[in-house]
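Here the structure is laid out as structure tokens; the discussion comes afterwards.
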Amino acid sequence: MPQTETLVIIGSGPAAWTAAIYAARANLRPLVFEGEPSRTMLPGGQLMFTTEVENYPGFPEGVTGPEMMERFKDQAVRFGTRVIQEAVTRVELGRHPFAVTPNYGDPVEALSLIVATGARANWLGLPNEERLAQSGGGVSACAVCDGALPLFRDRVLAVVGGGDSAMEEALYLTKFASEVLVIHRRNEFRASPIMADRVLNHPKVRVLWNTQVLEVLGYEHVTGLRLEDTGTGETREIEIGGLFVAIGHTPNTAFLDGQIALHPSGYIRTPEPWRTVTSVDGVFAAGDVMDSYYRQAITAAGTGCMAALEAERWLAHHGHGESPVLETAEAPAS
Ligand code: NAP
């Protein structure tokens, strides 16, 4: 086993880079495994598929998701963060130092670990859907991120899904759309009754029950959908100006192999309110991998900051460096 790292951060979204900035500035010399490009994911995470970010403070003109992640990364590297462009395939958390094994390179040992591997939006899996989502062609998995963009103004927008996310996205989009179509594959929503009622009673929303999307139409921009009635098998085409897929997210936790306590939904448990500690001492979690609720770049960055400060504090408590100033009000986490 090669040299022991003080802090290894796994991930490359806002949570990971913010953790790296804080840790690097605290002289922890963090090592980041930023992942590697695959068919469905890129280093940088979900923001790599977001065209315009207009709700992150400090960017009054807006910024593209990829540029934002590049700037986050540059800032982390400027303070001494080391970056390896590889996915981590395995961790061993039952020993200390922990072992972190990347896809190709040698395993490393780590005194502390921040898991910030994010979550990925679930997609319908239709060919044109993915292409238009990546090209900014009016297909998105996040209404809060993209809904306010000019291309969606006064258009008929479709939301696919029947859970709370779909309800929330549909209600949010009513601010901009001429009409919102909620397309659901069954004849009742999974969403909580209060959310479902708001959607069902909204004058701008129409629900297409028992309907599934067979095809996303459009070349440069989505223009329509080919739909199937799940009861009768009948198909038809509708015109739309935007498609929002809200069929859930999958947190990227498979590589943990059950060594950290998860919620039944697969998100990492951080049992103490306003903390990033996990069920494993010395392992912290930040960003969408532990947050199924807010899922915003700004909240991910906030928890990344928290995780770095907690890791720093934990390391100091275990004899590795000085404790940050924040350790005043209560005893350090053990
Ligand atoms: P979810 O509850 O799992 O709902 C996913 C929805 O997508 C379901 O209606 C499901 O249909 C549909 N779906 C899944 N795969 C599909 C496919 N391949 N094709 C078509 N439809 C498909 O996910 P979520 O809405 O993201 O919510 C996740 C969790 O976060 C939930 O616990 C939710 O309560 C919570 N949440 C809460 C709030 C809030 O309280 N404000 C907001 C957002 C999320 P079926 O119903 O037929 O399975």
Side-chain angles (χ1 to χ4, degrees), residues 39-40 45-46 49-50 55 118-130 132-133 139-147 157-175 180-202 205-217 222 224-236 238 240 242-253 262-270 273 285 287-300 303:
R39 209 180 59 80
T40 51
Q46 293 186 83
F49 304 98
T50 304
N55 54 8
R120 53 186 188 280
N122 297 337
W123 294 96
L124 296 165
L126 303 169
N128 218 15
E129 169 198 38
E130 193 180 321
L132 289 170
V139 176
S140 166
C142 179
V144 178
C145 317
D146 298 329
L157 303 179
V159 175
V160 182
D164 280 324
S165 293
M167 302 301 109
E168 220 165 50
E169 304 250 307
L171 290 169
Y172 184 78
L173 291 171
T174 57
K175 296 180 203 183
V180 177
L181 302 176
V182 175
I183 299 172
H184 185 39
R185 63 184 176 184
R186 292 188 296 129
N187 64 356
E188 59 178 351
F189 285 141
R190 175 181 297 277
S192 51
I194 186 163
M195 298 284 284
D197 282 350
R198 272 187 214 147
V199 163
L200 291 169
N201 294 323
H202 198 290
V205 180
R206 188 154 54 96
V207 182
L208 308 184
W209 300 106
N210 298 318
T211 303
Q212 65 177 350
V213 181
L214 292 182
E215 195 180 348
V216 179
L217 308 171
V222 61
L225 299 174
R226 196 156 65 82
L227 303 176
E228 182 185 53
D229 184 311
T230 54
T232 63
E234 260 175 56
T235 63
R236 64 180 168 131
I238 59 165
I240 56 161
L243 172 64
F244 290 82
V245 179
I247 59 171
H249 284 74
T250 303
N252 299 314
T253 48
L262 306 177
H263 289 282
S265 52
Y267 289 83
I268 295 178
R269 269 186 193 280
T270 49
D288 284 12
V289 77
M290 48 78 87
D291 169 26
S292 65
Y293 190 77
Y294 294 107
R295 298 194 293 237
Q296 300 300 303
I298 186 78
T299 48
T303 53

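Both ligands and their constituent atoms are indexed starting at 1 by order of listing. Numbering starts at 1 and runs along the sequence shown.
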F189: ring pair (Phe, Tyr, Trp, His ring centres under 6.0 Å) partners, not counting sequence neighbours: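 Ring pair (Phe, Tyr, Trp, His ring centres under 6.0 Å) list for F189, sorted by chain: H184, W209.
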Per-pair distances, 0.1 Å, donor-acceptor, side chain in residues 165-172, under 3.5 Å, sequence neighbours excluded:
residue : atom : partner : partner atom : Å
S165    : OG   : R295    : NH2          : 3.0
E169    : OE1  : A143    : N            : 3.1
E169    : OE2  : A143    : N            : 3.1

Would you mind listing each N/O atom of ligand 1 next to any protein N/O under 3.5 Å, plus the distance?
residue  : atom   : partner : partner atom : Å
ligand 1 : 9 (O)  : G162    : N            : 3.0
ligand 1 : 9 (O)  : G163    : N            : 3.3
ligand 1 : 11 (O) : R185    : NE           : 3.2
ligand 1 : 11 (O) : R185    : NH2          : 3.4
ligand 1 : 25 (O) : D164    : N            : 3.3
ligand 1 : 25 (O) : S165    : N            : 2.9
ligand 1 : 25 (O) : S165    : OG           : 3.2
ligand 1 : 26 (O) : S165    : OG           : 2.6
ligand 1 : 34 (O) : D164    : OD2          : 2.6
ligand 1 : 41 (N) : E168    : OE2          : 2.8
ligand 1 : 46 (O) : R186    : NE           : 3.4
ligand 1 : 46 (O) : R186    : NH2          : 2.8
ligand 1 : 46 (O) : R190    : NE           : 3.0
ligand 1 : 46 (O) : R190    : NH2          : 3.4
ligand 1 : 47 (O) : R185    : NE           : 2.9
ligand 1 : 47 (O) : R186    : NE           : 2.7
ligand 1 : 48 (O) : R185    : NH2          : 3.0
ligand 1 : 48 (O) : R190    : NE           : 3.3
ligand 1 : 48 (O) : R190    : NH2          : 2.6

V160 and L243, any side-chain heavy atoms less than 4.5 Å apart: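 Sidechains of V160 and L243: in contact.
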M290 side chain near T303 side chain, heavy-atom distance below 4.5 Å: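 In short, these two side chains touch, coming nearer than 4.5 Å.
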Where at least one partner belongs to residues 183-196, residue pairs that pass salt bridge (charged side-chain N to carboxylate O under 4.0 Å, His left out), sequence neighbours excluded: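 Matches after skipping sequence neighbours: R186-E188.
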side-chain contact (heavy atoms from CB on, under 4.5 Å) between N55 and I298, worked out: CA-CA 9 Å; N55 54 8; I298 186 78; over 6 Å; no
